[in-house]
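Below: the structure, in structure tokens.
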Amino acid sequence: MGRYVRRVRTEAAAHLLADPGATTINQYLAAGLLDELRLHIVPFTLGAGVRLFEGVPPLNLEQLTARAASSVLHVTYRVLP
């Protein structure tokens, strides 16, 4: 999948929307493959599972939008170089 993401990013005006789990997102972030994150944050404690940003080097994020809805916060970040 990483090879596919790299290829799509080289195409003019290419957009790729993915809805993977935290493990895949962390791998893509660590590899520098993502340029935007759209997070939907629901305050619910699972007690276990993979944490987002676990094992990812420090990122420089720019908040683009934030919108609160019933029981969820929608936030969009740009991943800066």
Side-chain angles (χ1 to χ4, degrees):
M1 185 70 158
R3 196 173 337 164
Y4 174 74
V5 172
R6 283 186 190 91
R7 191 188 75 201
V8 169
R9 288 184 70 188
T10 62
E11 297 174 9
H15 295 278
L16 175 65
L17 176 63
D19 190 14
T23 300
T24 303
I25 292 171
N26 290 341
Q27 290 172 353
Y28 286 3
L29 284 169
L33 296 175
L34 299 181
D35 54 14
E36 186 175 281
L37 294 173
R38 294 181 185 182
L39 305 178
H40 309 284
I41 303 164
V42 180
F44 180 75
T45 303
L46 297 174
V50 178
R51 295 174 181 255
L52 188 58
F53 305 117
E54 190 169 284
V56 176
L59 297 171
N60 189 8
L61 301 176
E62 174 188 11
Q63 183 179 320
L64 300 177
T65 64
R67 183 175 56 88
S70 178
S71 301
V72 63
L73 176 64
H74 305 281
V75 186
T76 303
Y77 293 100
R78 177 180 296 132
V79 180
L80 301 172

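Since the model is a prediction, treat every value here as computed from it, not as a measurement.
- With N26 contributing its side chain and L52 its backbone, the two residues share no donor-acceptor pair below 3.5 Å.
- Here the CD atom belonging to Q27 is positioned 10.0 Å from the CG atom belonging to L33, to the nearest 0.5 angstrom.
- Between L61 and V79, the closest side-chain pair of non-hydrogen atoms falls below 4.5 Å.
- Shown here for T76 and R38, the closest heavy-atom pair between the two residues is OG1-CG, 3.8 Å.
- Closest approach of S71 and V42 over heavy atoms only: O-CG1, 3.6 Å.
- The shortest non-hydrogen separation linking A69 to H74 is CB-NE2, 4.0 Å.
- When hydrophobic clusters are built by joining Ile, Leu, Val, Met, Phe, Trp and Tyr residues whose side-chain heavy atoms come closer than 4.5 Å, directly or via intermediates, Y28 is not grouped with V50.
- Taken together through direct or relayed side-chain contacts under 4.5 Å among Ile, Leu, Val, Met, Phe, Trp and Tyr, L39 and L64 form parts of separate hydrophobic clusters.
- With a 4.5 Å cut-off on side-chain heavy atoms, E36 and R78 do not count as touching.
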